[in-house]
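Because only heavy atoms are used, hydrogens play no part in the values below, and waters and symmetry mates are left out as well, while side chains stay in. Sequence lines set the chain letters: A, B, ... in the order given, protein chains first and strands last, and positions in each chain run from 1.
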Amino acid sequence: MKQTITHWLESALYSARESGDLNWETMPEFEVEAPRQKEFGDYGTNLALTLAKQARANPRQVAETLIRHLPAESESWREKVEIAGAGFINFTLKAGWAGEIVKTILQAGIQYGQGSSGQNRRVLIEFVSANPTGPLSVGHGRNGILGDMMARILTALGWQVYREFYINDGENSTQIRNFALSILAQFKHLKGEPLQMPEEGYFGDYVMEIAQWIRDTQGDSADEGDPEEVTRRFEEWGKQLMLEEQERDLKEFRIEFDNWFSEQTLHASGAVERSLEVLKEKGATYEHEGALWLRSTAYGDDKDRVLVRANGRPTYVAADVAYHLDKYLRGNEILIDVLGADHHGYIKRMKAVVEALGYEPDSLTIMLYQLVRLFREGQMVRMSKRAGNIITLREVMDEVGVDATRFFFLLRSHDSLLDFDLDLAKQQSDKNPVYYVQYAHARICSILRQAVERGFALPALETTDTHLLQHEAEIQLIKLLGDFPEELALAGEQRAPHRLTIYAQNTARAFHSFYAECRVLGVEPALMNARLCLTQATRQVLKNTLDLMGVTAPEEMERREADEELSS
RNA sequence: GCGCCCGUAGCUCAGCGGAUUAGAGCAUCAGACUUCGGAUCUGAGGGUCGGGGGUUCGAAUCCCUCCGGGCGCGCCA
């Protein structure tokens, strides 16, 4: 409906210009929205206000002119059009208009809301990319959810999405090395030697478990031989086990990747050197004190960055140059990296890299998310990965459940700090908004089941008069359902998945409200059919939204409250 | 010191491509079906949108500045 009204307004604009009533050059930006106060009608627009600015005219007069030029086809829909406030144009539509939206939704079904703005272009989303030196943290969970939902959203908007996990397994990585040395230390300890952890060692229990696994499968002699070789072996074992665990946990968290990209392959294949050559050719590098530098300040970075150390080893940045170049060479037009807020310094650097490589800096989006703070018994849980006292994603998943955890992570804007209270999440899980939305879906399914049980066949769309849907609660709900395509598009454009979480809650609320106001089953047959259609349409939209969130849409739920009351 | 993010109701947060009277959940208080699931609904109280300037006919929204909180600022990754 918003679109229809937008068309009317555009048509009025052209008509007014042709007749000389109004002068304008560029199409003004304006919005069509449902006003909060119902006295203002069903939809309103600020068009006259934005246009008045451009034309330096009185907004109310502009509004009058526009109304005069509204196309004839709009007359069968409009009840009345009014000018209000500074120059808003408010439309009140004829009773029954909302029924059309219900039909549109039911016809589109699972595809309702999808768009084609992606035009089949390719986008690569890199996310999680945890170091293979430990289990996934809760922060990785937030990262994973954001990337995953973004991928689902962009797919729905017509993009060809490729999901990738970048494994920081470069042999020059000190982290991995320390990790390997930690395992080795535990291994020797298992054999009875005193525990001698490296300085920056990893202390988690899982390190010991890996050492144990190596001892069980490789025997006591696993640490014999050339020390460098031994470290390399332990590195490989540790890395493999960690990656397997990460993949398993992510899969259970409903996150899967098209590809796990190994940093090491970039070093091994010579891709790193080649990409550095590209930078050199573009004149974006220089040598200083024996090291090779990227002149990133020339592209807006705060300082220049070392690409190759004086000792000849390439830095992490060098690998990232090669990696991002590789992403582009694989035909991706748009790149999205999902990173924790502690990497914010990374944005300017990577934009500089992209530009130095000859690509459009805006083609790379870095989605930063703020950190997650865990609370238990009202206390913030301090965590350190090396010390091994982290709460893992797996623990949270097991404690809180996948649906609730995903929903919780998607509840807040990614650039807002997220406090995750474990006790609240599990003890008062019925207060969790995820149940509110899921309950609406389950309730709808229950109504539809009942309808069949009572012998009311689910109505055919062609024979149903959806124009009977005129109750205020019905209109309210339908308006929201009609907004879904726009909400989805905005979530994609703004890279703001949480918008759909808010939307899901609003839609669920509107349905619960409708449910309380309007009986579906047992009312006059024509109206019942119309309401059954609306109920089905709502189910479809909730389902589509929950699918995008990767949260299940249950057809029934346990009646937990009732059970508790019986037992108490 | 420099950079990024945040500061909106008692608490947790939406809104921030300016626009008609600032929203939701939780908490508090008061109510609601002998038929569709009470994990629900209806209503009430509660806000100088951190402070101060500026732009604008109009600012929670844009700009500047200050204050408070978080996170960074390696030839680590």
Q | Spacing between A:Tyr202 atom OH and B:A77 atom P, to the nearest angstrom | A | 12 Å

Using only side-chain N and O atoms of [X], determine if any of them is under 4.0 Å from OP1 or OP2 of [N].
{"X": "A:Tyr515", "N": "B:G38", "value": "yes"}
{"X": "A:His498", "N": "B:G15", "value": "yes"}
{"X": "A:Lys303", "N": "B:G74", "value": "yes"}
{"X": "A:Arg309", "N": "B:C76", "value": "yes"}
{"X": "A:Arg443", "N": "B:G38", "value": "yes"}
{"X": "A:Tyr346", "N": "B:G74", "value": "no"}
{"X": "A:Thr315", "N": "B:A77", "value": "no"}

Q.
Between B:A60 and B:U48, how far apart are the two C1' atoms, rounded to whole Å?
A. 12 Å

Q. Want to settle it: does A:Tyr43 or A:Gly290 sit nearer the 5' end of RNA chain B, counting the closest nucleotide to each?
A. A:Tyr43

Q: Could you check A:Ile89 against A:Ala496 and say which one's nearest nucleotide on RNA chain B is further toward the 5' end?
A: A:Ala496

Q: Among B:G17, B:G70, B:G37, find the nucleotide with the atom closest to the side chain of A:Leu417.
A: B:G70

Q. Counting side-chain heavy atoms from C-beta on, which of B:U21, B:A77, B:U35 comes nearest to A:Gln37?
A. B:U21

Sugar-phosphate, base or nothing in reach of [X], heavy atoms under 4.0 Å:
{"X": "A:Ala341", "answer": "sugar-phosphate"}
{"X": "A:Ser413", "answer": "sugar-phosphate"}
{"X": "A:Cys445", "answer": "nothing"}
{"X": "A:Arg454", "answer": "sugar-phosphate"}
{"X": "A:Arg509", "answer": "sugar-phosphate"}
{"X": "A:Glu33", "answer": "nothing"}
{"X": "A:Gln505", "answer": "nothing"}

Q) Under a 4.5 Å cut-off applied to non-hydrogen side-chain atoms, are A:Asn432 and A:Phe408 in contact? A) yes

Q. What is the pairing partner of B:G23, taking Watson-Crick or G-U wobble pairs with both distances under 3.5 Å in any strand?
A. B:C13

Q.
For B:A30, give the paired nucleotide (Watson-Crick: N1-N3 plus N6-O4 or O6-N4; G-U: N1-O2 and O6-N3; both under 3.5 Å), or none.
A. B:U42

Q | Modelled atom types, side-chain donor and acceptor of A:Asn131 and A:Thr133, under 3.5 Å | A | no

Q: Tell me yes or no: between the side chains of A:Tyr435 and A:Asp403, is some donor less than 3.5 Å from an acceptor?
A: no

Q | Any N/O donor-acceptor pair, A:Arg519 side-chain to B:U35 base, under 3.5 Å | A | yes

Q: For the residue pair A:Tyr166 and A:Tyr323, categorise the inter-ring angle as parallel (less than 30°), tilted (30 to 60°) or perpendicular (more than 60°).
A: parallel

Q) Step by step, would you call A:His471 with A:Phe514 a ring-ring contact (aromatic ring centres under 6.0 Å, His included)? A) CA-CA 9 Å; A:His471 190 282; A:Phe514 156 75; 8.0 Å; no

**Q.** Smallest separation among heavy atoms of A:Asn90 and A:Pro35, with atom names
**A.** OD1-CG, 4.4 Å

